[in-house]
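Residue numbers start at 1 and run along the sequence shown. As a basis for the values below, the full set of heavy atoms in this structure was taken, side chains included, without hydrogen atoms, waters or symmetry mates.
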Amino acid sequence: MTSHATEVDLENLLRERLQATGTEARWTVDADDQWCRLTRQSGIRRRQGWKLHVSATAASAPEVLVKALDVLLAEESAFKFVRSLEQVSALNTRATPRGNSGKFITVYPPSDGDAARVALELHRATAGLAGPRILSDQPYAPQSLVHYRYGAFVGRRRLSDQGLLVWFIEDPDGNPVEDKRTGQYAPPAWAVSPFPASVPLPPQQEKAASRPVLLGGRFSVREAIRHTNKGGVYRGTDVTTGAPVVIKEARPHVEGDASGADVRDWLRAEARTLEKLKHTGLAPELLAMFEMGGHLFLAQEEVPGVPLRNWVAERFRDVGSERYRADALDQVERLVDLVAAAHACGCVLRDFTPGNVMVRPDGELRLIDLELAALEDERPLPTRVGTPGFSAPERLLDAPVSRTADYYSLGATMCFVLAGKVPNLLPEDPDTRPAQERFAEWLTACAGTLRLPDGLPEMILGLMRDDPGERWDPDRARDTLHGIDLTRPARPTPGPVRSSEPDTGTESAVAGMVNHLVETVTPSDDPRLWPVSTLAGETDPCTVQQGAAGVLAVLTRYFELTGDPRLPELISTAGNWIAARTDTRSIRPGLHFGGRGIAWALYDAGRAVADRRLTDHALALALAPPEPTPSHDITHGTAGSGLAAAHLWHRTGDPRLARLVVDAADRLAAAAEPEPSGVSWPVPAEAVSEEAGKRYLGFAHGSAGIGSFLLTAASVSGSLDHLELAVAAGEHLVAHAETVGRAVQWPAQATDPPTAPYWCHGSAGIGSFLIRLWQRTGDDRYGDLARGAAHAVVERASRAGLAQCHGLAGNGDFLLDMADATGDPVYREAAGELARLIVTERAHRGSHVVFPNEYGDVSTSWSDGSAGILAFLLRNRHADSRLWTVQQPG
């Protein structure tokens with residue numbers, strides 16, 4: 001961005017135009033962190049309709065705003081604009097969600113007629129200025145900055161059938177309809193456009209029904225590999241040769257700077273790099289570069305095989321630890337040679353990651369996606385774009401091009417191949433622990449599982465040193481590899497510290513996590529009691545899954561275990577915050593997304609701090625009539641509601657709760673469908689239409705969780721039918737177990753490949769049910785499969801995330817279930833090792849300790865954040881019972 005552009009204050013421009021037009025008294029101006037909003041006191045308020053968006057680049061935004069203000073300040077339409085040029089740049093990055101990109105100004109016309117008239121005036125005023133196309137909208141005219149879509153004017157949200165908060169509008173009959181903000185223009189069928197006839201879409205976005213799209217007159221598009229804000233990547237065929245090709249698209253003005261450079265220049269740089277590497281066998285061969293409708297396309301030969309990222313995931317899953325270790329070591333040697341060969345050709349890669357390396361069917365490696373690569377005899381495009389975890393820290397600060405940054409990426413990619421991931425080390429404040437020290441702590445914690453040959457951890461850490469001048473180069477790495485006996489893994493490290501002995505690292509982490517929860521609670525905040533990540537969607541703020549109930553349950557447990565004097569008042573405050581926002585007239589079904597999960601947390605909290613208001617409200621909530629549900633599972637459906645009722649029945653002895661348990665079990669019995677091997681519960685079409693008919697096996701959404709509830713229900717009801725149905729669910733899981741070496745794993749559905757061994761769909765959740773079924777029936781087949789599931793969890797620990805749903809916390813809770821059920825100390829030791837592995841990814845922020853979720857964000861929630869992690873660490877330390885389970889009767 002030019003120095004002039006960086007000095008421009010967009011709000012100053014607004015003030016100047018208000019004064020120049022003499023309209024200050026007509027407008028109310030309000031601002032938050034991102035938007036500056038303007039409304040007219042006399043303006044007409046609409047809840048939904050045709051709204052306008054005007055796009056801009058960071059360079060063009062000041063002029064676009066001034067031109068638009070000359071139109072809008074004379075109108076009645078409310079509008080808003082992005083407050084800073086830095087935020088305009090953020091709207092136009094390649095990582096921006098396609099449904100949000102480019103929306104610099106939003107206008108809310110008071111009528112359809114006004115929408116059409118104002119759109120025309122804005123189009124004329126901004127003609128010829130630069131801005132990206134807004135993918136969720138329809139352009140007003142070819143090359144126009146003005147776009148339109150039908151949608152909400154005010155923020156109205158409701159819970160979807162999946163339990164997520166979604167924006168909505170109403171159809172003509174007043175029924176709520178989700179206001180989807182995707183990368184495609186899709187107005188409701190009943191919304192009549194007031195605008196001139198639509199301009200045609202670019203060729204690559206047409207839905208060709210009768211024939212494939214032909215790009216550049218030569219390349220027939222077969223399918224999209226992915227769509228991002230910068231453009232699509234497509235598979236196709238070169239019609240002149242019949243050869244398979246990959247075609248990459250770059251949209252104008254994405255990732256643009258003040259000089260006019262954008263992702264199209266990156267694509268041109270990639271073409272130059274491919275030309276430089278022509279006939280070396282290191283990268284695809286360049287076929288053509290061409291432009292259509294202002295979009296730039298690069299066609300290259302398709303490299304057969306799979307990205308290294310996928311190769312690691314599939315091999316980790318499919319071949320067992322011993323075979324994987326041998327294959328991974330072979331790939332490490334190839335990675336060293338690949339980087340060295342690229343450097344020998346004068347090419348610095350700048351984004352060397354497992355996603356940018358293809359593994360051919362013969363095992364050989366090829367470089368792909370070289371858009372950030374720099375030729376040493378050229379001046380490269382400046383950029384801070386990279387891949388966190390794989391890009392050297394100085395690369396993300398736009399340091400000069402250097403081979404040493406590739407050395408760091410080589411070490412990180414080698415680590416990914418050997419361990420299955422690289423840790424996500426969040427920034428600390430104060431930043432007192434060097435990154436290489438934190439990384440070494442994590443790699444050391446992985447050693448017991450990985451059993452890497454001596455010398456390999458030292459090599460990875462040498463390549464990834466913080467000081468670029470101290471990093472090993474590929475020659476030193478190759479010499480080290482040649483000096484290691486790669487066929488002899490290191491001896492296992494000594495066993496972990498027993499949970500009965502003090503573990504100062506874990507104790508310190510727990511204390512810091514509790515500090516974070518205690519000091520980030522905001523009872524005066526209406527939307528959220530604790531901060532959570534909403535990158536995977538936002539749920540009801542009171543639920544277990546992502547809301548206050550999950551955190552409250554963990555703090556209640558911590559208080560019961562430690563008596564921390566800070567907590568009684570906080571627990572009571574948090575409980576009453578939840579109670580004030582939960583309606584006892586009707587509740588949503590399910591444990592994690594529903595009302596009875598909230599009741600579970602509230603009752604236990606009230607009981608712990610002797611707050612009768614909370615226990616009374618919890619009981620009323622538990623007994624409230626549930627909304628009708630077609631869902632059967634633990635998280636959203638009947639099984640989860642029944643499990644919570646069983647817990648509260650054990651707490652209170654209230655016979656009404658026992659009847660709710662029996663009723664839930666009976667409904668599941670009626671919904672069960674016979675299978676050759678047992679029973680399953682297909683997802684009903686009325687639950688989630690796109691999931692209709694799927695027969696999940698796992699704990700969160702399938703047979704394992706339902707079967708676990710039925711075991712509990714049988715102990716409440718005394719019904720042999722309920723027990724037999726739980727056994728039938730277990731038999732279905734037995735039939736679909738897959739053994740690789742000593743590990744046992746399952747697919748998400750019977751027709752899928754095996755999935756990761758997590759609580760949600762995989763071995764940890766299914767094993768948790770099977771070990772209980774073994775306890776109840778004495779059938780050793782269930783116990784043996786549970787032991788194999790535990791082996792899968794331990795064997796793949798280095799690859800796992802941290803959380804309850806998809807990570808080490810949920811996996812560790814399963815290992816503690818195994819320890820409790822079998823009495824075998826090896827499982828408690830293994831759980832302790834997982835606890836230490838989790839703790840190595842902590843980040844200190846003052847007195848707080850936080851952890852990254854799977855999106856690299858900080859969250860306090862149960863499913864993907866610190867509450868679920870804290871629950872496991874507490875249980876591992878105090879040998880307590882597992883949250884959200886009902887204990888087996890003695």
Side-chain angles (χ1 to χ4, degrees), residues 5 8 10-11 13-14 16-18 21 27 29 31 34-40 43 49-93 96-110 112 114-153 181 183 185 187 193-196 198-199 229 251-254 256 262 294:
V8 172
L10 297 179
E11 291 183 83
L13 291 180
L14 169 64
E16 290 171 3
R17 297 315 297 160
L18 286 169
T21 57
W27 293 96
V29 181
Q34 182 174 9
W35 298 101
C36 183
R37 295 181 174 85
L38 285 89
T39 54
R40 288 282 291 265
W50 291 97
K51 57 184 176 180
L52 310 178
H53 290 113
V54 184
S55 72
T57 67
S60 71
E63 188 172 2
V64 170
L65 180 61
V66 170
K67 298 285 189 182
L69 288 173
D70 287 342
V71 174
L72 295 172
L73 293 179
E75 293 288 338
E76 294 290 325
S77 302
F79 66 96
K80 66 181 181 180
F81 62 88
V82 175
R83 290 184 64 184
S84 73
L85 295 177
E86 183 179 1
Q87 290 167 326
V88 176
S89 293
L91 281 176
N92 296 333
T93 70
T96 303
R98 284 160 52 84
N100 299 338
S101 65
K103 297 176 179 177
F104 171 44
I105 303 173
T106 305
V107 184
Y108 305 97
D112 288 358
D114 288 318
R117 180 177 52 76
V118 173
L120 175 58
E121 293 185 24
L122 286 171
H123 168 65
R124 288 172 174 168
T126 59
L129 299 179
R133 177 160 177 222
I134 297 173
L135 296 173
S136 64
D137 291 24
Q138 181 72 14
Y140 181 79
Q143 311 305 316
S144 181
L145 299 190
V146 181
H147 300 70
Y148 57 83
R149 69 181 291 267
Y150 192 93
F153 282 20
R181 292 126 190 238
Y185 176 64
S193 171
F195 304 98
S198 298
V199 298
N229 192 37
R251 297 202 307 123
H253 308 304
V254 174
D262 58 30

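Relative to the six-membered ring of Trp35, Arg83 misses at least one condition, a distance below 6.0 Å or an angle of at most 45° to the axis.
Under a 4.0 Å N-O distance rule, the pair Asp114/Arg117 qualifies as a salt bridge.
Heavy atoms only, all atoms of each residue included: Ser89 and Ala58 are closest at OG-CB, 3.2 Å. Minimum heavy-atom separation, Asp262 to Gly256: CB-CA, 3.9 Å. Shown here for Ala119 and Phe195, the closest heavy-atom pair between the two residues is CB-CE2, 3.8 Å. Of all heavy-atom pairs spanning Val107 and Lys51, the tightest one is O-CB, 3.3 Å. Annotation for Phe81 and Ile105: closest pair CB-CG1, 3.9 Å, computed over non-hydrogen atoms.
A distance of 7.5 Å separates OG of Ser77 from CG of Leu52, quoted to the nearest 0.5 Å.
Side-chain atoms of Arg251 come within 3.5 Å of backbone atoms of Arg133 as a donor-acceptor pair (strictly under, hydrogens ignored).
Using the six-membered ring where Trp is involved, Tyr140 and His123 have ring planes that are tilted, between 30° and 60° apart. Ring geometry for Trp50 against Tyr185 counts as tilted: the plane angle lies between 30° and 60°, on a 0 to 90° scale.
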Inset, instruction - For Val64 and Lys67, run side-chain contact (heavy atoms from CB on, under 4.5 Å): C-alpha distance rounded to whole Å, both residues' side-chain angles, the deciding distance at 0.1 Å, then the answer. - result: CA-CA 5 Å; Val64 170; Lys67 298 285 189 182; 5.9 Å; no
